[in-house]
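Okay, so here's the structure we're looking at.
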There are 2 protein chains.
Amino acid sequence: MKAETTRTRVIEEGLQTLSQGGLAAVTIGRLAEATGLSKSGLFAHFRSREALELALLDETVRLAWRNVVEPAMRNPEGLPRLMALVGLWFGWSSRAGLRGGCPVAAAMFELDDTPGVVRDRVAELDEEWRRLLHAQVRQAIDLGHLHADTDADQVVWELRGIYLAHHSTMRFQRDPDADRRAQTALVALLQRCGADPANL
Amino acid sequence: MKAETTRTRVIEEGLQTLSQGGLAAVTIGRLAEATGLSKSGLFAHFRSREALELALLDETVRLAWRNVVEPAMRNPEGLPRLMALVGLWFGWSSRAGLRGGCPVAAAMFELDDTPGVVRDRVAELDEEWRRLLHAQVRQAIDLGHLHADTDADQVVWELRGIYLAHHSTMRFQRDPDADRRAQTALVALLQRCGADPANL
DNA sequence: ATTTAGTACGAACGGTCGTGCTATTTTGCA
DNA sequence: TGCAAAATAGCACGACCGTTCGTACTAAAT
């Protein structure tokens, strides 16, 4: 099964391209050249461009899980875990070794009017992520780390806003202040929900 | 000068395409077909694809100015004008007659790793917009509508986050709750800066 | 030892892309 | 009304797109 090696190489290379230039930049020709394969040789591994894109999304999930979710889950439930999760989330793609930005965020803006299987998958990932965030906020509320009347959905929504602002500040403006600004916004959001400032 | 008419028609059609599918979707062939021109006939108006893209960005600015900035400026200085500006900003593209999302927001995510004149222009627009927002926040502070120690840059940064979250909620998830969530976040942000709740 | 499956290649397909060059039509003015 | 100029069409180009095909070579299964 030498294919596994090759496939992995292709997907790793493709993930970098996806991260830097979005889905549109992942063409079979360029990917073949970058990996030293022929177009048809590479194509045989996926049998369609759509399948390649889905494979790349899957790999993105695995990467994010390893780099964000798993380490965050090692923290105690409630606010500490939420803080860890969000802290690992913001800017995770560079720490995961990607030379560009978050593939899912980019895909969301790229596909907002392009129906299809890939868009559907991205929507799924986004929803799963929101659910994960929601669960942590919920737990923080239940444990009394946040006000009982906190609107968890609103908190998740605003966290996404901070993430997107961080993403675009970092990747488009290339302003490293993004981290500080995001941290400030995060602390303000959680304090508004009654978090003890000492735990932020 | 029949050209003016035709050019206007092309740009209007192109703006819809740009709004719905991003810069990548604006191809000379498709645009020619949509306007009933020949590829070369349309091409003659702009002499390069880059020039066409820049022309579309210019038109976006004119549209945003008419639909967002001008009406907002008719409000009294300080917090009222800031509130009007932000209110007109969120979701402005649909109210301006575009069938898709904000062209600038989409371009920012599309071009984050693609250097060139177009990217530079988008960066300029983004910066000008932040300056405009900043000026309004600044004025609200000077007029005592917001706390004197308010960090105007931070406010602008978070406003952008709310805008992006609103944009993606509306256009990708197609969730009309976006308006309510954005309003909630906006009110919270301004209250944190000492705005009188009666004026929100 | 022979068949089978996996892996990769080169060539070619119909399309679309942006961009030139040269006609032809249409327009606005003397 | 005639004519120069402006506006548009027609056609061709090279490049790249995703995809298919036929064909090797290799490793595993029979």
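What you see below is based on every heavy atom in this structure, not just the backbone, and it leaves out hydrogens, waters and symmetry mates. Since we're looking at a predicted model, the values are computed, not measured. Every chain is numbered from 1, with letters handed out A, B, ... down the list of sequences.
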Donor-acceptor contact present, side-chain H166(A) to main-chain A182(A), <3.5 Å: no

Heavy atoms of other groups near E33(A) CD, more than 12 under 6.0 Å: no

Whole-Å distance separating the CZ atom of F46(A) from the C1' atom of dT19(D): 15 Å

Nucleic acid contacts - residues 24-37 of chain A versus DNA chain C, non-hydrogen atoms under 4.0 Å: G36(A), L37(A)

Residue-phosphate contact under 4.0 Å: H45(B) side-chain N/O, dT8(D) OP1/OP2: yes

Protein-nucleotide distance (E50(A), atom CD; dC17(D), atom P), rounded to Å: 18 Å

Between P of dG22(D) and NZ of K39(A), the distance in whole Å: 18 Å

Would you mind writing out the side-chain donor-acceptor pairs for residues 153-162 of chain A within the sub-3.5 Å range, not counting sequence neighbours?
| residue | atom | partner | partner atom | Å |
| --- | --- | --- | --- | --- |
| D153(A) | OD1 | H134(A) | ND1 | 3.0 |
| Q154(A) | OE1 | R181(B) | NE | 2.7 |
| Q154(A) | NE2 | E158(A) | OE2 | 2.8 |
| Q154(A) | NE2 | R181(B) | O | 3.1 |
| W157(A) | NE1 | T169(B) | OG1 | 2.9 |
| E158(A) | OE1 | R192(A) | NH1 | 3.0 |
| E158(A) | OE2 | R192(A) | NH1 | 3.4 |
| E158(A) | OE2 | R192(A) | NH2 | 2.7 |
| R160(A) | NH1 | D126(A) | OD1 | 2.8 |
| R160(A) | NH1 | D126(A) | OD2 | 3.0 |
| R160(A) | NH2 | S168(B) | OG | 2.4 |
| R160(A) | NH2 | Q173(B) | OE1 | 2.7 |

Sugar-phosphate, base or nothing in reach of A44(B), heavy atoms under 4.0 Å: base

Donor-acceptor contact present, side-chain R138(A) to main-chain A152(A), <3.5 Å: no

Separation of dG18(C) P from L42(B) CG (nearest whole Å): 10 Å

Whole-Å distance separating the CZ atom of F43(B) from the C1' atom of dG10(D): 15 Å

Short side-chain N/O contact from T6(B) to OP1 or OP2 of dT8(D), under 4.0 Å: yes

Gap between atom CD of E50(B) and atom CZ of R121(B) - 0.5 Å precision: 13.0 Å

Nucleotide dT7(C), atom P - distance to CZ of R7(A) in whole Å: 10 Å

Rounded interatomic separation in angstrom, taking CZ from R47(B) and C1' from dT19(C): 13 Å

Any donor-acceptor N/O pair, R119(B) side chain to F172(A) backbone, under 3.5 Å: yes

S40(B) side-chain proximity, nearest of dG20(C), dT8(D), dG18(D): dG20(C)

Lys/Arg N to Asp/Glu carboxylate O, R49(B) vs E53(B), below 4.0 Å: yes

